[in-house]
Each structure stands twice: as C-alpha cells, then as structure tokens.
Amino acid sequence: MKKVVDAYAALKANLQAGNLGPPSSKRHRKAVGTPIVFRPEAAQPFDDRCLSWQYDARTISIWTVDGRMKGIRFACSPDQLKTLVQYRKGESDLVFRGGKWFLIATCDIPDPEAYEPADWIGVDRGIVNLATTSDGANYQGRRLGRYRRWQARKRAELQARGTRSATRRLARRAKKEKRHAAQVNHKISKEIVSVAQRTGRGIAVEALGGIRERVRLRRDQRGTLSSWPFHQLGQYLDHKARKAGVPFLEVDAAYTSQRCPRCGHTERANRPIRDHFCCRWCGLAGPADVVAGVNVRDRARSAWVFVTAPAPFP
C-alpha cells in the first residue's frame, strides 16, 4: 500500500512542478489518463515493522498478504552475516530475479580513515587497454571488446526477427553483457587497490567526465566509445579504495598521453602511434599508456600537497 501511495504522490509532485509539460501536452494527458502499473517482479521494500531477522538461526519473519511467514531461511557467507549483524540499517528489498528470491539488505559501513600515502599509483584508463598503471601493469580490453562485438552480432540477428521471444532474449543478453563487463572491472579494481594497500600508496586516476560529449568520432567508432566502461571502473576503484582506507584522487587529464614525464615537453608528435611514446625533445621512449600513468602519478603528487595543506588564516 505504501508503494502505491508513494507512486501517486510522486506523479502529483511531477505534475505540479511541470516536469511532464503543460496540461495541453500529450505527455501530460497520458500521465493523467493512464493508471499507474507495477511490474510483477518489481522489488518490494520492507522495514523492521514487517520484516525481522533472526541471525543465529539464519531465518527471517516477513509479512505477506496471507499473513506473517516465519522461519524462512536465508543463505549468505560468514563475512556477510557478520556485516549484517553489525551494520544493517533501514529497509530491505525483496527481489525475484532469474527464478530466485534475493533479500537485499542496506548496511551502513563506516569508512576507515585513509592513511598518508608514501607515493601514488597512476592509472590510465583506455579502450584498447582498460587500465594501465604507472608500475607497468597492463589490463587489456581485447577479450571484452571481442565479447561485445560477438554480442552485437547476436543482438542484430535477434532484432531482425522482431518476435516477442527475440525481445525477451535481447533483454537477457543485455543483462548478461552488463554483468560480464562489471566482473572485468571488479577484478581490475580489486588488484589495483590490493597493490596500493600492500605498498602504502594511493591511487590516482584521470578525471574523464564529459569525454563522450567532447570527442567526435566516426560512425563505426561510436558504439565502442559508448560501451567504454571507464566510469564504472573509476567508481569501483573509488569504492574499494575507501573501503580499504587507500587514498583516492582524480587529477586533470589534459595532455597526459602527450607530455614527457622527464622534461615536460608536450606535443602531439610525442605519440606518433597509439602504443608508442617518444619525446621529440629529450628522446624518452616507452609504452604510451605507461607514460600516461606516470604523468597521472606525478600530478597526484602535486595535487596531494594542496589537498592536505592547512587552510590559510583569514
């Protein structure tokens, strides 16, 4: 009942704020004349009044339309159970996904205090190489790109059919591709944060916000750019770093792949091809993505001084 009330309250607020256009618009008339519907498998929120946890027995008691159901078992790892006991807070969502029931609990976990970094690991994010660190570690995106191209071919075949079964299969394939890309980013971010924590260093990445609006590409390259998961990788690095107490910093991305980290000479000709860097002034040469990671690391060293500097007296 609360979910229905909230849905109609949100509709009324949008109408009053003018988010759906004037009353004469087609969008406004459709919103007013169409009843609100809910997906049969939509998530259902439960608070502590209608759902209780029994951690020792690993069971829950939950209210349903047929009354309260008790002794329903739930499964989780020992670490997840410990987190539930210590930090669970607020509502829990009951979700039916893929033929299974999931109870998603909200846990408010305090972030540990970040340590003072001894140095920084610069991370350069790209399309061909998803991540390259200043230490020389390279995480290639060749397999992910090949997988996406294969999925695109299958997607085109299903779209050409246009049947209801093809539409359902398209939705399943889209979710599978999204999960695959997320798993790749999880593995990369986990390894980088682990190295930074073990060596007492921080993590620095380029600030790439708005790059899709700034760059103009050929038509055959637009799909590759739009599916580039750089933002998700940055979010995973930030989240895992905060959880581990590792300092995380975003620095300016301008000319990191064209600047020489030894003499500072910046020129487009320093990078004659995508994979190779060669300074036209001092002759420093090496992999272009590693050089970009070193530039990110150097900028983080300078930026951290201003971040941690005491505030000036008025």
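Side-chain contact between R68 and S61: present, with at least one pair of heavy atoms (C-beta onward) separated by less than 4.5 Å. In this structure the side chain of R201 never reaches within 4.5 angstrom of the side chain of V246, judged on heavy atoms. With a 4.5 Å cut-off on side-chain heavy atoms, L103 and L94 count as touching. Side chains of S257 and D124 form no contact here, defined as non-hydrogen atoms less than 4.5 Å apart. In this structure, T256 and R299 have side chains that are in contact, with non-hydrogen atoms separated by less than 4.5 Å. Using a 4.5 Å heavy-atom threshold, the side chains of S25 and L20 count as separate. In this structure, V205 and V296 have side chains that are not in contact, with every pair of non-hydrogen atoms separated by 4.5 Å or more. Considering only heavy atoms from C-beta on, R155 comes within 4.5 Å of E177 through its side chain.
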(message) Assess the residue pair R149 and R146 against the criterion (side chain to side chain contact (heavy atoms under 4.5 Å, CB included)); give the C-alpha distance rounded to whole Å, side-chain angles, the decisive distance to 0.1 Å, and a yes or no.
(response) CA-CA 5 Å; R149 289 191 296 271; R146 187 164 57 243; 3.8 Å; yes
(request) Determine, step by step, whether W53 and F74 satisfy the ring pair (Phe, Tyr, Trp, His ring centres under 6.0 Å) criterion, reporting the C-alpha distance in whole Å, the side-chain angles of both residues, the deciding distance to 0.1 Å, and the verdict. (result) CA-CA 10 Å; W53 299 74; F74 67 89; 5.3 Å; yes
(message) Using the rule given for side chain to side chain contact (heavy atoms under 4.5 Å, CB included), can you reason through E91 versus T106, listing the C-alpha separation, both sets of side-chain angles and the distance that settles it, and then say yes or no?
(response) CA-CA 7 Å; E91 292 184 345; T106 302; 5.6 Å; no
(request) Could you go through the side chain to side chain contact (heavy atoms under 4.5 Å, CB included) check for L84 and R58 one step at a time? (result) CA-CA 11 Å; L84 276 174; R58 292 202 179 189; over 6 Å; no
(request) Please test K240 against H186 for side chain to side chain contact (heavy atoms under 4.5 Å, CB included), starting from the C-alpha separation and ending with a verdict. (result) CA-CA 9 Å; K240 295 182 188 300; H186 268 303; 3.3 Å; yes
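Between D135 and R297 there is no salt bridge, since no side-chain N of the basic residue sits under 4.0 Å from a carboxylate O of the acidic one. The residues E41 and R97 are annotated as not salt-bridged, no charged nitrogen and carboxylate oxygen being separated by less than 4.0 angstrom. A salt bridge does not link K82 to D79: none of the charged nitrogens lies less than 4.0 Å from a carboxylate oxygen.
Listed for the N270 side chain is a donor-acceptor partner under 3.5 Å among the backbone atoms of R280. For the pair T167 (side chain) and T163 (backbone), a donor-acceptor distance under 3.5 Å is present. Listed for the N14 side chain is a donor-acceptor partner under 3.5 Å among the backbone atoms of A10. Counting only distance, with no hydrogens or angles, the side chain of R271 and the backbone of R274 share a donor-acceptor pair below 3.5 Å. Between the T34 side chain and the A31 main chain, no donor and acceptor come within less than 3.5 Å of each other.
When all heavy atoms of V193 and A244 are compared, the pair lying nearest together is CG1-CB, 4.1 Å. When all heavy atoms are compared, the tightest approach of G283 to R262 is C-NH2, 4.2 Å.
Side-chain polar atoms of W304 and E116 form a donor-acceptor pair below 3.5 angstrom.
Surrounding CZ of R173 are more than 12 heavy atoms belonging to other residues, nucleotides or ligands, all under 6.0 Å away. Around atom CZ of R169, no more than 12 heavy atoms belonging to other residues, nucleotides or ligands sit under 6.0 Å away. Counting heavy-atom neighbours within 6.0 Å of R161 CZ, excluding the residue itself, gives a total of 12 or less. Atom OH of Y255 has 12 or fewer heavy atoms from other residues, nucleotides or ligands within 6.0 Å. More than 12 heavy atoms of other residues, nucleotides or ligands sit less than 6.0 Å from atom CG of D47.
Note that the CZ atom of F277 and the CZ atom of R259 stand 9.0 Å from one another [nearest 0.5 Å]. Of the inter-residue distances, the one linking H231 atom NE2 with R125 atom CZ reads 9.0 Å to the nearest 0.5 angstrom. Taking CD1 of I60 as the reference point, atom CE of M69 lies at 9.0 Å (rounded to 0.5 Å).
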